Amino acid sequence: MGENPDFRPHGDEIPGVVGGVVARVNGLSTAEKRERLEDLAPEELAEIEAEDEGDDHDLPDLPNVDEYDEIRMRAAPNPNGPWHIGHARMPAVIGTYKERYDGSFIVRFDDTDPETKRPDLDAYDAILDDIAYLGFDPDDVIIASDRVETYYEHARELIDAGGAYTCSCSGETFSELKNGGEACPHREKDAETTHEEFRAMIDGEYESGEMVLRVRTDIEHKNPALRDWVAFRMIDTPHPREEASDYRCWPMLDFQSGVDDHLTGVTHIIRGIDLQDSAKRQQFVYDYFDWEYPEVVHWGHVQIDAYDVKLSTSTLKEQIDAGELDGWDDPRAPTLQSLRRRGIRGEAVVDALIALGTSTSNVDLSMSSIYAANRELVDDDAERYFLVRDGERFVVEGDPDAGHPPLHPDHAERGERTIPATAGVLLEPDDVPAAGERVWLKGFACVRREGDGSADDGDAASDKRLVVTDDDIDAVRDGDVDVVHWAPAAGGIDVRMRTPEGDVDGVAEPDFAETDVDDVIQFERIGFVRVDEHGSDESVVYWTHP
RNA sequence: GCUCCGUUGGUGUAGUCCGGCCAAUCAUCUUGCCCUCUCACGGCAAGGACCAGGGUUCGAAUCCCUGACGGAGCACCA
């Protein structure tokens, strides 16, 4: 109708006219439709099939990739602690793009604040471990505090270009002037004086707070966030890295990051919305140097359901110091170290984070999507065992001596387990049948509950008995009898299962001892766990997911 | 207060640039059924969304305006 305006008044009649045809086409099979289209418009068919091929990306294409010979991206963490789940988004997305475009992935530690965001010396390696856990291998690792001289050199060039001036206003004073769109008296000083004062900053002749180097942007810019921002300031506290401990004049993020992105050839910057204004700030520096600003993608914050604790490195650190958490890999902590210990593969974390895309709105990540991705990875390999929590003891009367459930229901060739029943069995309280009712002990037999438990005469109460019946499996198929897991009353293995909700104790079947540390197995009807330790008193497992 | 940005089912996402192919995709989730000696895996089915109101148009998730709600920045933090 765009082409034939005459039809417009008749728009309402269109559905009636074309409806029959549309219904007929929809009734055709895909193959038939393809055939018809090939007759009518082969070029359109080719177009559709071309679209189908390249359309399976979870992430949108990066902007303007054709304009660059190589796509280079960087993750720029602040090394103040091991990573939580939200941090994993950066390497997950960058790593995925790197694979798609055959690009580069640089890790740059932005550790230029020895005081407020004081780096943790262990965090550098911890973060690189976290990245390796996720399955990525950075092409290069650089540390900003190694590059301070480079930032000084560029600051001098910027001063020469008229793009910076030293300023001794207090933060408060300057803020007031700036919010009114007014320059401070230092703004017009000559380059020579600025050079002299900047040299004195580098030499440490000022105390913290006495002097800064500002970038000359536009003091009347309508966005107050962009007006003459600070590029360098004095910090009295020495940097924790010995190599950098003598510096007192430190660059701010926007200067350091902007210079490094250019010098390391970064083509695409991916970062959070908290840095939305950074590109606009840094653009002023890029203009003075006549550099081309990289492409930028911003994304929103990630919140994760299922955790009480906040997704914040500093909060986690406080909780660990206060003893509320056992450490960074406490199962209650939303950290990558915790997920790793629980047996969740980095690949599953990456899959779930990639599915979030890169939208600028804030997103909630469900742990269930990480669980779903991980279950897909581990289910086929996970051998099955029984664990009984809060076991109630019953004697068993009748044959056989032991149960033999398979190690994996889909893989009979892997063999079966042996669970002795002669010394009695343990059942979870929820699974105990009422007096006279039956229950199927999985891998063993159908049993009937005798006695109602009222005559409590000790450990092997005479009325806590399970008598083997002659029912066959049809009893289960008919839906009359529930199948439950169980453990032997003697010879089982004490297990402590650590979960995000706290520790749970139980007894596992004897064959559980054959598992190796790091194996991910499934306790049937409970969930997947990772074997953490086989101790002399007990074994410890970490709960993975249902 | 000033300045940016966003809003599609419970969650995430596709579609928005270039209005009709959208009675809106896919995944997760929930429920039911099938399979099954696990509440796992697998299969089938169902459930559930275009923030609101105006405008433009034959036609709006898509374009325009207003509002609501949410987020971010205005640091000598990153």
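Naming convention: chains lettered A, B, ... in sequence-line order (proteins, then strands); numbering from 1 in each chain. Just so you know, these numbers come straight off a predicted model, no measurement behind them.
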Contact class for H298(A) (heavy atom, under 4.0 Å): base, sugar-phosphate, or nothing? nothing

Just checking I273(A): base, sugar-phosphate only, or nothing, at a heavy-atom cut-off of under 4.0 Å? sugar-phosphate

side-chain contact (heavy atoms from CB on, under 4.5 Å) assessment of M252(A) paired with Y151(A): CA-CA 10 Å; M252(A) 300 286 290; Y151(A) 309 134; over 6 Å; no

From CD of Q282(A) across to P of rC4(B) the rounded distance in Å is 19 Å

key: Test item: R375(A) side-chain N/O and P546(A) main-chain N/O as donor-acceptor pair under 3.5 Å   = yes

If you restrict it to nitrogen or oxygen atoms, what contacts under 3.5 Å exist between nucleotides 67-70 of chain B and the protein, and what is each distance?
none

Discussion item. Could you tell me if R417(A) sits above the aromatic ring of Y385(A), with its cationic atom closer than 6.0 Å to the ring centre and no more than 45 degrees from the axis?
Written reply: yes

note: E176(A), atom CD; rG1(B), atom P; distance rounded to Å ~ 19 Å

Exercise. Does the salt bridge (Lys or Arg N to Asp or Glu O under 4.0 Å) test come out yes or no for D236(A) and R248(A), once each step is laid out?
Worked result: CA-CA 6 Å; D236(A) 297 333; R248(A) 293 293 176 274; 5.8 Å; no

Regarding the side chain of N223(A), the nearest nucleotide among rC29(B), rG73(B), rC76(B) is rG73(B)

From the candidates rA78(B), rU38(B), rC76(B), the one with an atom nearest any side-chain atom of T112(A) is rA78(B)

Checking rC4(B), rA78(B), rA75(B) against the side chain of D113(A) (C-beta onward), the nearest is rA78(B)

Of G209(A) and A225(A), the one whose nearest nucleotide on RNA chain B sits closer to the 5' end is A225(A)

Side-chain contact check for R525(A): nearest option of rC39(B), rU11(B), rC77(B) is rC39(B)

Walking RNA chain B from its 5' end, the first of K442(A) and K280(A) to be reached, judged by nearest nucleotide, is K280(A)

Only one of R108(A), Q256(A), Q282(A) passes side-chain hydrogen bond (donor to acceptor under 3.5 Å, both in side chains) with D261(A), and that residue is R108(A)

The single option from W250(A), Y247(A), F255(A) that satisfies ring pair (Phe, Tyr, Trp, His ring centres under 6.0 Å) with F232(A) is F255(A)

Give one of base, sugar-phosphate or nothing for S278(A), where a contact means two heavy atoms less than 4.0 Å apart.
nothing

Checking N1-N3 plus N6-O4 or O6-N4 for Watson-Crick, or N1-O2 and O6-N3 for wobble, each under 3.5 Å, the partner of rU30(B) is rA46(B)

rU62(B) and rU8(B): how far apart are their C1' atoms, nearest whole angstrom? 12 Å

*R233(A) vs rA78(B): side-chain N/O to OP1/OP2 distance below 4.0 Å*: yes

Steps toward salt bridge (Lys or Arg N to Asp or Glu O under 4.0 Å) verdict (D218(A), R227(A))
CA-CA 6 Å; D218(A) 175 356; R227(A) 299 172 188 165; over 6 Å; no

Next item on the list: Answer yes or no: does a side-chain N or O of S369(A) lie under 4.0 Å from OP1 or OP2 of rC29(B)?
Entry: no

Of the listed rC37(B), rC41(B), rG73(B), the closest approach to the P224(A) side chain comes from rG73(B)

| query | Hey, is the side chain of K222(A) poking within less than 4.0 Å of OP1 or OP2 on rC74(B), counting only N and O atoms? | reply | no

What's touching nucleotides 13-15 of chain B from the protein side, N or O pairs under 3.5 Å?
| from | atom 1 | to | atom 2 | distance (Å) |
| --- | --- | --- | --- | --- |
| rU13(B) | OP1 | L356(A) | O | 3.1 |
| rU13(B) | OP1 | S359(A) | OG | 3.1 |

Taking the ring of F528(A) and the ring of H545(A), is the distance between their centroids below 6.0 Å? yes

